[in-house]
Amino acid sequence: QVQLVESGGGLVQAGGSLRLACAASERTFSSYAMGWFRQAPGKEREFVAASSWSGGATYYADSVKGRFTISRDNAKNMVYLQMNSLDPEDTAVYYCNRGTIATLTSRGALDAWGQGTLVTVSS
């Protein structure tokens with residue numbers, strides 16, 4: 001497993017934007033698809049977005065499609081989530097992880113979950 005560290009969360013008003021970042025500790029990062037997940041209090045962790053290893057194919061949950069954009073920079077072992085038009089329903093702790101597209105969209109992941117980064121959207 002590689003170490004994954006999320007950052008970029010914060011407090012934002014509805015309609016605002018945030019950009020989350022996920023840093024991987026090892027060069028094996030580039031060999032895997034990457035995904036973003038989120039978990040709100042009292043709810044299951046849910047899939048948000050995923051990117052193939054090349055970044056050429058992306059996938060989004062219906063709830064964020066058209067508002068969020070996942071991207072990655074394999075040379076820097078980084079993956080990002082640009083979040084626009086934020087809604088209070090987006091409030092959650094956001095996590096990144098590795099896997100295949102199929103496993104990630106089913107909430108499966110290869111690495112241990114990190115601390116995540118908290119996104120709070122006020123109404």
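- For Ser85 against Asp90, the heavy-atom pair with the smallest separation is O-OD2, 4.4 Å.
- A cation-pi arrangement is found for Arg45 relative to Trp113, the charged atom lying closer than 6.0 Å to the ring centre and inside a 45° cone about the ring normal.
- Val119 places a side-chain heavy atom less than 4.5 Å from the side chain of Met83.
- When hydrophobic clusters are built by joining Ile, Leu, Val, Met, Phe, Trp and Tyr residues whose side-chain heavy atoms come closer than 4.5 Å, directly or via intermediates, Ile101 is grouped together with Phe37.
- Here the side chain of Glu6 pairs a donor or acceptor atom with the backbone of Cys96 at under 3.5 angstrom.
- Rounding to the nearest 0.5 Å gives a distance of 12.0 Å between CG of Leu118 and CD of Gln39.
- Side-chain contact check for Ser71 versus Arg19: some heavy-atom pair is nearer than 4.5 Å.
- Residues satisfying the side-chain hydrogen bond (donor to acceptor under 3.5 Å, both in side chains) test with Glu46, not counting sequence neighbours, are Arg38.
- Proximity of Gln115 to Tyr95: side-chain heavy atoms (C-beta onward) are nowhere separated by under 4.5 Å.
- The CG atom of Asn77 sits 12.5 Å away from atom CD of Gln3, with the distance rounded to the nearest 0.5 Å.
- Side-chain atoms of Thr100 and Thr103 form a donor-acceptor pair, as typed in the model, at a separation below 3.5 Å.
- No continuous path of ILVMFWY side-chain contacts below 4.5 Å connects Leu104 to Tyr94, so the two sit in separate hydrophobic clusters.
- Counting heavy atoms from C-beta outward, Ser51 and Tyr59 have side chains that stay 4.5 Å or more apart.
- Side chains of Thr69 and Leu81 form no contact here, defined as non-hydrogen atoms less than 4.5 Å apart.
- Looking at Ser106, its side chain never comes within 3.5 Å of a backbone N or O of Gly108 through a donor-acceptor pair.
- Side-chain atoms of Thr91 come within 3.5 Å of backbone atoms of Val121 as a donor-acceptor pair (strictly under, hydrogens ignored).
- The shortest side-chain heavy-atom distance between Val79 and Ile70 falls under the 4.5 Å cut-off.
- The distance from atom OH of Tyr32 to atom OG of Ser52, rounded to the nearest 0.5 Å, is 15.0 Å.
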Assess the residue pair Cys22 and Met34 against the criterion (side chain to side chain contact (heavy atoms under 4.5 Å, CB included)); give the C-alpha distance rounded to whole Å, side-chain angles, the decisive distance to 0.1 Å, and a yes or no. CA-CA 10 Å; Cys22 171; Met34 292 293 299; 4.1 Å; yes
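- Using a 4.5 Å heavy-atom threshold, the side chains of Thr117 and Leu20 count as touching.
- Annotation: cation-pi geometry not satisfied between Arg72 and Tyr80 (NZ/CZ under 6.0 angstrom from ring centroid, within 45° of ring axis).
- The shortest non-hydrogen separation linking Ser123 to Pro88 is CB-CG, 3.8 Å.
- Between the Asp111 side chain and the Asn97 main chain, no donor and acceptor come within less than 3.5 Å of each other.
- Taking hydrophobic clusters as Ile, Leu, Val, Met, Phe, Trp and Tyr residues chained together by side-chain heavy-atom distances below 4.5 Å, Phe47 does not share a cluster with Tyr60.
- The shortest distance between side-chain heavy atoms of Gln82 and Ser17 falls below 4.5 Å.
- With Leu18 as reference, Val12 is the one residue of Asn84, Val12, Thr120 to meet the side chain to side chain contact (heavy atoms under 4.5 Å, CB included) rule.
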